[in-house]
Amino acid sequence: MSNHAPHLSEQELVRRENLRKIQELGIDPYPAAAFNVSHHSQEVVDGFEDNPDAYAEVSLAGRMMAQRIMGKAAFMELQDAAGRIQCYVARDEIAPGEDKALYNDVFKKYLDLGDWVGVRGHAFRTQTGQISIHVKELRLLSKALRPLPVVKEKDGEVFDAFSDPEQRYRQRYVDLIVNPEVRETFIKRARMVTSMRDFLNGKGYLEVETPVLQPLYGGAAARPFKTHHNTLDQTLYLRIADELYLKRLIVGGYEGVFEFAKDFRNEGMSRFHNPEFTMMELYVAYKDYRWMMDLVEEMLEGVAKALTGDGVVTVGKNAINFARPWKRYTMYEAIRVFTDIDISQMDEAQLRDTARKLHVSTDPSMGRGKLIDEIFGECVEPHLIQPTFITDYPEEMSPLAKKHRDHPGLVERFEVICNGKEIANAFSELNDPIDQRQRFEAQLELGKRGDDEAMVLDEDFLRALEYGMPPTAGIGIGIDRLAMIMTNQPSIQDVLFFPQMKAEK
RNA sequence: GAAGCGAUAGCUCAGCUGGUAGAGCAGCACACUUUUAAUGUGCGGGCCCUGGGUUCGAAUCCCAGUCGCUUCACCA
């Protein structure tokens, strides 16, 4: 035992002793040989009723999660990836000869909850009606040296749930073992992503990969993580968005590209923010933001239906219906609907005054766009539960979006708000290289004034635009936020396997 | 970054105005060949988050810190 091994608990000592006893009996607690699994728990439970003969010879593997020993026979619960199944283990079945050690010692004493075992036998129905496996052969597949939390459940009521968030997130493997609904949440997330990917592939768009390590960060307003490449002796940033790279690919001639991108933002953490998160960005040539609204509606309706059947997702107390069509408001309309105030003609001073009346806090650095955004964020956004489009944003807030075709001072941009939070952001992409350069320069000015989230000027991106980018619609969808909605989880940590945590100790 | 709340057995938690550390499950031992939160009897198990302070005496009171959660702030 290594000398830095900390104080083992009583139960850990017992398990190590059991391991030794097993080895003394000549059994390898970590065998190399493959164990052939013929069925999963759920298949047997679901299928036995209709066709019992099909389960006369089955082999399953999983963790032993409960043991109910009654002398010469016992029940154990085996948990595999699909669920749980009860196994009936009788002494004279698994140890038919004179030597009963496999049952009396190995099974009854040296196996512990959490150990991986393989069983062979036949399915049957117990006297109380539960479909179970009658075990003829039992094999230890891997010994567990730490005790699991023991979570019990009866009639839907859970006892002693493993619920401490810190432990659940730091030791997600334990969480996944003992909390089946957690496993289910991540399966749903995966199905959500698959559904989006299938949809986009079905439309003929190309899934691509672009750099995570970027010499300049761009495509969003955020503070980046900074790192250094030794050989190049150069500062690199972890991407805050992949937007500028995907647009370069549109310049290159692809008509539709998308990426499920891990992005990194060096900012505060909350139940809606993790330093690394996933965004799906899609760019399609010859389209505009109006077209993109129809596309995202179609895609997310499909995703919701794939997950729930009817497209209605329960989130907390709300039933959110993703069926098309969704409500569409311009930013000004939305504010008028929720505050009875028409701000469309207001100048900065009037907006500041309005914000004060609405109890929206402002500070002197805020310009017209920022003031509108604040009023919207306070007075409108939290009330938008059903998926809703908000369109036509102030130009100052959107340096990568094309100027509105009809309304000066606005850009062709929409966001999808759902459950009171933004889940998607899209524009008719700015493809005028001269306008784009001016917007970047305006950002540089903001940066000089101390805005540490202002965008930096990307000369190569401008060069690409100067070669000509077709009119293009682009969208970014926050995958984690969407997953929170689709899986009814209140915290982003519950849709990330390994949410960022401060280092232990 | 600020405030509020929390940290006690493997897990979930109790522990009052300071006086030898508790329960259920899990563990160990014995019994039990269709149980299912199995049952019955008995027994072990603690760096009370860390460091200071007050006190004859601190899990408990005070101060500082660590980590977590929540609500803000910034953001997607």
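Lettering follows sequence order; numbering is per chain, from 1. Model, not experiment: these values are computed from the prediction.
Using a 4.0 Å heavy-atom criterion, one finds that A:Lys262 contacts no nucleic acid atom at all. Counting any heavy atom pair closer than 4.0 Å across all strands shown, A:Tyr169 reaches sugar-phosphate atoms only and no base atom. In this structure, A:Ala161 reaches the sugar-phosphate backbone alone: every heavy-atom distance under 4.0 Å involves primed, P, OP1 or OP2 atoms, never a base. Among the heavy atoms of the strands, none lies under 4.0 Å from A:Ile423. As judged by a 4.0 angstrom heavy-atom cut-off over every strand, A:Gly71 is placed among the base-contacting residues. No engagement by A:Glu17 is indicated, since no non-hydrogen atom pair under 4.0 Å with the nucleic acid exists. Nucleic acid contact class of A:Asp92 (heavy atoms, under 4.0 Å, all strands): base. Residue-level contact check: A:Met279 touches neither bases nor backbone, having no heavy atom under 4.0 Å from any strand. Within 4.0 Å (heavy atoms only), A:Arg170 reaches sugar-phosphate atoms of the nucleic acid but no base atom. Within 4.0 Å (heavy atoms only), A:Asn274 reaches at least one base atom of the nucleic acid. Across all strands, A:Arg271 comes closer than 4.0 Å only to sugar-phosphate atoms, never to a base (heavy-atom distances).
As rounded to the nearest Å, B:A2 and B:U20 have P atoms that lie 40 Å from one another. When the C1' atom is used for both B:C13 and B:U17, the distance is 23 Å, rounded to whole Å. The gap from the P atom of B:G52 to that of B:G57 amounts to 15 Å, rounded to the nearest Å. Using C1' as the reference atom, B:U60 and B:G22 are 15 Å apart when rounded to the nearest Å. Nucleotides B:A14 and B:A7 have their P atoms positioned 8 Å apart, rounded to a whole Å. Here the separation of B:C48 from B:G40, taken at their C1' atoms, is 33 Å to the nearest Å. On the C1' atoms, B:A37 is 12 Å away from B:A26, given to the nearest whole Å. Separating the C1' atom of B:A38 from that of B:G45 is a span of 24 Å, rounded to the nearest Å.
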Steps toward side-chain contact (heavy atoms from CB on, under 4.5 Å) verdict (A:Leu148, A:Val150)
CA-CA 6 Å; A:Leu148 287 171; A:Val150 178; 5.7 Å; no

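The base of B:U12 has none of its N or O atoms less than 3.5 Å from a complementary donor or acceptor on the side chain of A:Ser163. The base of B:U33 sits with one of its N or O atoms less than 3.5 Å from a complementary donor or acceptor on the side chain of A:Tyr88. Between the side chain of A:Gln130 and the base of B:U34 there is no donor-acceptor pair of N/O atoms closer than 3.5 Å.
Shown here, B:C69 forms a base pair with B:G4; the pair counts as Watson-Crick or G-U wobble because both key distances fall under 3.5 Å. Judged by Watson-Crick or G-U wobble contacts below 3.5 Å, the nucleotide B:U34 has no partner. The partner of B:G27, taking Watson-Crick or G-U wobble pairs whose two distances both stay under 3.5 Å, is B:C43. Using Watson-Crick or G-U wobble geometry with both donor-acceptor distances under 3.5 Å, B:A9 finds no partner in any strand shown. Pair assignment for B:G19 gives B:C56, based on Watson-Crick or G-U wobble hydrogen-bonding distances that are each under 3.5 Å. Checking B:C48 for Watson-Crick or G-U wobble geometry (two distances, each under 3.5 Å) identifies no partner in any strand.
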Pairs: protein N or O with nucleotides 22-29 of chain B N or O, under 3.5 Å:
residue : atom : partner  : partner atom : Å
B:G24   : N2   : A:Asp160 : OD1          : 3.1
B:G24   : N2   : A:Asp160 : OD2          : 3.2
B:C25   : O3'  : A:Lys152 : NZ           : 3.0
B:A26   : OP1  : A:Lys152 : NZ           : 2.8
B:A26   : N3   : A:Gln11  : NE2          : 2.9
B:G27   : O4'  : A:Gln11  : OE1          : 3.4

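B:C11 atom P lies 12 Å from atom CD of A:Glu166, rounded to whole Å. Atom CG of A:Asp164 and atom C1' of B:A9 are 15 Å apart (whole Å). As a whole-Å value, the separation of A:Arg265 CZ from B:C74 P is 16 Å. In this structure, the CG atom of A:Asp373 is 10 Å from the P atom of B:C74, given to the nearest Å. Residue A:Met269 contributes atom CE, which lies 8 Å from atom P of B:G68 at whole-angstrom precision. Taking atom CD1 of A:Ile85 as the reference point, atom C1' of B:U35 lies 15 Å away to the nearest angstrom. Taking atom CD1 of A:Ile131 as the reference point, atom P of B:U35 lies 16 Å away to the nearest angstrom. One atom, CE of A:Met65, and another, P of B:U35, lie 23 Å apart when rounded to the nearest Å.
The closest side-chain donor-acceptor pair between A:Gln493 and A:Arg168, if any, does not fall under 3.5 angstrom. Side-chain atoms of A:Arg239 and A:Gln214 form no donor-acceptor pair, as typed in the model, at a separation below 3.5 Å. Looking only at atom types and distance, the side chain of A:Asp480 has no donor-acceptor partner in the side chain of A:Asn274 under 3.5 Å away. Using modelled atom types and a 3.5 Å distance limit, the side chains of A:Asn425 and A:Arg413 yield a donor-acceptor pair.
Checked against a 6.0 Å centroid threshold, the rings of A:Phe258 and A:Tyr205 do not count as neighbours. Between A:Tyr55 and A:His39, the gap from one ring centroid to the other is short of 6.0 Å. Between A:Phe497 and A:Phe186, the distance separating the two ring centers is shorter than 6.0 angstrom.
In the set B:U35, B:C74, B:U34, the nucleotide with an atom closest to the side chain of A:Glu374 is B:C74. Distances from the side chain of A:Glu422 to the nucleotides B:C69, B:A76, B:U33 place B:A76 closest. Comparing atom distances between the A:Phe162 side chain and each of B:U70, B:C67, B:C11 picks out B:C11 as nearest. Here the nucleotide nearest the side chain of A:Gln493, chosen from B:G68, B:U35, B:C69, is B:C69.
In terms of position along RNA chain B, the nucleotide closest to A:Pro490 lies nearer the 5' end than the nucleotide closest to the other residue of the pair A:Pro490 and A:Phe277. Toward the 5' end of RNA chain B, the nearer of the two residues A:Val151 and A:Asn425, judged by each one's closest nucleotide, is A:Val151.
Counting only heavy atoms from C-beta outward, the side chains of A:Phe75 and A:Thr126 approach each other to under 4.5 Å.
Residues A:Arg139 and A:Glu137 are paired through a salt bridge, judged by an N-O separation under 4.0 Å between the basic side chain and the carboxylate.
Taking both residues in full, the closest heavy atoms of A:Lys188 and A:Met486 are given as CD-O, 4.1 Å, listed atom of the first, atom of the second, then distance.
Regarding contacts with the backbone of B:G10, every side-chain N or O of A:Gln167 stays at 4.0 angstrom or more from both OP1 and OP2. Phosphate proximity of B:A38 to A:Arg68: present, with a side-chain N or O under 4.0 Å from OP1 or OP2.
The residue from A:Tyr329, A:Phe427, A:Phe389 that alone fulfils the side-chain contact (heavy atoms from CB on, under 4.5 Å) condition with A:Phe414 is A:Phe389.
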